[in-house]
Amino acid sequence: MLDINKIRHNPEEIKRALLKRMDSVDFTELLEWDAQRRNLIVLNEEKKAKRNKVSDDIPGLKKQGVDVQGLISEMKQLSNEIKENDNILRDIEAKIHNFLSALPNIPADDVLPGGKENNQVIREWGSKREFGFTPKHHVDLATDLGIVDYERGAKIGGYGFWVYTGIGALMEWALLNYFITEHLKDGYTFMLPPHILTYQCGYTAGQFPKFVDDVFKVEASEERENMQFILPTAETALINFHRGEILKEEELPKKYFAYTPCYRKEAGSHRAEERGMIRGHQFNKVEMFQYTTPENSEIALEELVEKAEKLVRGLGLHHRVTKLAAKDCSASMGKTYDIEVWIPSMNDYKEVSSASNAYDYQARRGNIRFRRTNTSKPEFVHTLNASGLATSRIFPAILEQYQQEDGSVIVPEVLRKWVGRDILKREE
RNA sequence: GGAGAGAUGGCUGAGUGGUCGAAGGCGCUCGACUCGAAAUCGAGUGGACGUUCACGCGUCCCGUGGGUUCGAAUCCCACUCUCUCCGCCA
């Protein structure tokens with residue numbers, strides 16, 4: 001949610017910034033509604049002030065024996081006018097709210113306009129491995145090793161699901177353990193939130209109403225506000241943890257991380273080259289989240305990117321960091337870095353972490369504020385999130401980047417204590 | 001799922017139609033006293049919106065949404081949540 005005051009005072013500036021990610025922006029109607037709203041408020045508050053004044057006087061006048069019948073019927077008329085104006089006001093405010101809710105965040109100054117084609121690679125780590133043999137696809141590797149069962153996954157869950165079996169499940173769990181251990185070392189607080197959330201959670205995160213059809217709904221409630229859905233990312237839960245609260249400045253930054261599976265419909269987004277684990281309906285992810293003061297959010301974003309990168313580096317996987325152009329950022333985000341790992345079979349880099357600063361956009365939607373001193377006015381916090389990490393791209397990257405000619409796969413050093421072996425071999 | 005009780009400011013707790021945005025207490029902030037602290041005393045202490053250069057002023061908010069009334073924390077209706085008991089179940 002953007003600040004209507006900002007739009008009122010700098011419509012051209014906001015418009016210019018939004019055009020980096022939107023095809024057209026027109027505030028004409030919005031500003032008209034805004035003016036109508038404020039005029040109506042002044043008018044109606046004057047009427048209310050009069051009503052309050054007269055109503056306060058009535059008991060005294062009655063005591064003095066003055067006939068107040070005239071006043072009372074006058075106030076009755078006034079009350080009707082007020083009620084009418086309040087109805088008009090409610091309609092205008094609904095229009096303003098709907099308009100503002102649909103606007104995405106303002107891209108940061110250093111974010112380039114346009115879509116994917118304008119994403120910038122900031123840095124790379126490692127390099128593409130030269131295979132002395134024909135490398136295999138992770139689906140074939142995993143199937144041959146017997147660590148992921150795609151066929152039975154589809155049989156029991158439908159298309160887009162798989163089953164980690166035996167050592168595969170151990171590998172998956174090892175990754176999660178590795179992430180969790182690192183975040184704990186850095187002083188982040190471990191959270192295990194509900195996986196089923198209310199509509200309001202999706203709204204605060206900035207995912208609803210636009211993407212309400214991309215999630216799995218639990219209750220087919222007629223009223224949208226009463227629906228519940230299975231979370232598409234732990235971010236949706238963590239942004240809502242402090243919804244409606246006023247935090248103390250000394251509590252900030254709040255640093256959380258959560259493990260949850262993520263559930264996404266991904267309707268219409270399946271592509272042949274993304275077979276396997278690259279885009280499923282359910283994947284495991286550890287998500288980092290921070291609530292900060294406005295002045296500290298830029299630094300926090302760098303910290304989150306660095307943490308995510310460190311995890312990928314720790315696994316020894318070739319990857320790069322990209323700064324997303326405006327249209328490629330999620331609507332709630334003002335700035336996003338993606339960490340992308342190399343997938344040899346695709347000869348492409350796929351996102352394993354997305355680190356974003358929402359600035360006060362989500363905080364406004366969720367009314368999450370903080371106070372600097374006991375007496376100062378509450379201000380909106382800034383919120384940031386970053387995957388740390390999603391396993392569903394890391395798992396294939398490990399299989400493919402660490403595969404050997406005989407189809408075995410070397411286990412990254414940091415995972416060995418949990419997997420209990422150095423190498424994954426077929427005969428196991 | 002059934003029955004009952006409740007929801008008031010940071011907390012506690014009064015208030016059942018007319019200066020109640022809300023007594024009292026606790027907490028917190030500032031000040032006085034003190035070498036300092038404690039105790040004591042004094043003052044202050046919610047949010048949103050609008051208006052104003054500013055001081056300020058106005059409107060709204062006592063779980064949420066409606067209604068009655070000149071006037072609602074207080075009366076009526078619906079809903080939500082919490083607690084207790086019973087049933088069912090992991």
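If you're wondering where the values come from, they're calculated on a predicted model, not measured in any experiment. Just so we're on the same page: letters track the sequence lines, and every chain starts at 1.
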Side chain of A:Ser356, backbone of A:Ala358: donor and acceptor closer than 3.5 Å?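 Pair absent, no side-chain N/O of A:Ser356 close to backbone of A:Ala358.
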
Which pairs count as side-chain hydrogen bond (donor to acceptor under 3.5 Å, both in side chains) when at least one residue sits in residues 14-23 of chain A, sequence neighbours excluded?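 Every side-chain hydrogen bond (donor to acceptor under 3.5 Å, both in side chains) pair that includes a residue of residues 14-23 of chain A, provided the two are not neighbours, is A:Asp23-A:Lys327.
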
Using the [atom1] atoms only, state how far [M] lies from [N], rounded to an integer number of Å.
{"N": "B:U8", "M": "B:G25", "atom1": "C1'", "answer": "16 Å"}
{"N": "B:U59", "M": "B:G9", "atom1": "P", "answer": "22 Å"}
{"N": "B:U82", "M": "B:C77", "atom1": "P", "answer": "23 Å"}
{"N": "B:U19", "M": "B:U74", "atom1": "P", "answer": "14 Å"}

Under a 4.0 Å heavy-atom criterion, the protein footprint on nucleotides 48-59 of chain B, written with B, S and -, is SSSS------BB

Considering every strand and a 4.0 Å limit on heavy-atom distances, what is the contact class for A:Lys47: base, sugar-phosphate, or nothing?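 Nothing: the residue A:Lys47, judged by heavy atoms under 4.0 Å, touches no strand.
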
If you look at every strand shown and take non-hydrogen atoms under 4.0 Å, does A:Arg90 touch a base, only sugar-phosphate, or nothing?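 Since only primed, P, OP1 and OP2 atoms lie under 4.0 Å of A:Arg90, the category is sugar-phosphate.
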
Ignoring backbone atoms, test whether A:Arg371 places a side-chain nitrogen or oxygen under 4.0 Å from the OP1 or OP2 oxygen of B:G46.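 Indeed not, no polar side-chain atom of A:Arg371 lies that close.
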
Can you check whether A:Ser79 has a side-chain N or O nearer than 4.0 Å to OP1 or OP2 of B:U69?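 A:Ser79 to B:U69 OP1/OP2: no side-chain N or O under 4.0 Å.
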
Ring centroid separation A:Tyr256 to A:Tyr188 under 6.0 Å: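 Not close enough - the centres of the two rings lie 6.0 Å or further apart.
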
Strictly under 6.0 Å, is that where the ring centroids of A:His195 and A:Phe216 end up? no

Whole angstroms only, please: what is the CD-P distance between A:Glu245 and B:G10? 13 Å

Criterion ring pair (Phe, Tyr, Trp, His ring centres under 6.0 Å) on A:Tyr259 and A:Phe257, from CA distance to verdict: CA-CA 7 Å; A:Tyr259 156 69; A:Phe257 73 97; over 10 Å; no

Between A:Asn44 and A:Ile82, which heavy-atom pair has the shortest distance, and what is it?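 Between these two residues, the closest heavy atoms are ND2-O, 3.4 Å.
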
Test A:Phe27 against A:Leu103 for side chain to side chain contact (heavy atoms under 4.5 Å, CB included), laying out the working first. CA-CA 11 Å; A:Phe27 290 140; A:Leu103 285 180; 3.9 Å; yes

Once you measure the plane-to-plane angle for A:His281 and A:Phe161, does it fall in the parallel (<30°), tilted (30-60°) or perpendicular (>60°) bin?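 Because their plane-to-plane angle lies in the 30° to 60° range, the rings of A:His281 and A:Phe161 count as tilted.
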
Evaluate ring pair (Phe, Tyr, Trp, His ring centres under 6.0 Å) for A:Phe380 paired with A:Phe370, printing each intermediate quantity in order. CA-CA 6 Å; A:Phe380 290 107; A:Phe370 76 102; 9.7 Å; no

Taking both distances under 3.5 Å as the test for a Watson-Crick or G-U pair, what stems of at least three pairs does RNA chain B have?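 Stems found: B:1-7 with B:80-86, B:10-12 with B:24-26, B:27-32 with B:40-45, B:46-51 with B:56-61, B:63-67 with B:75-79.
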
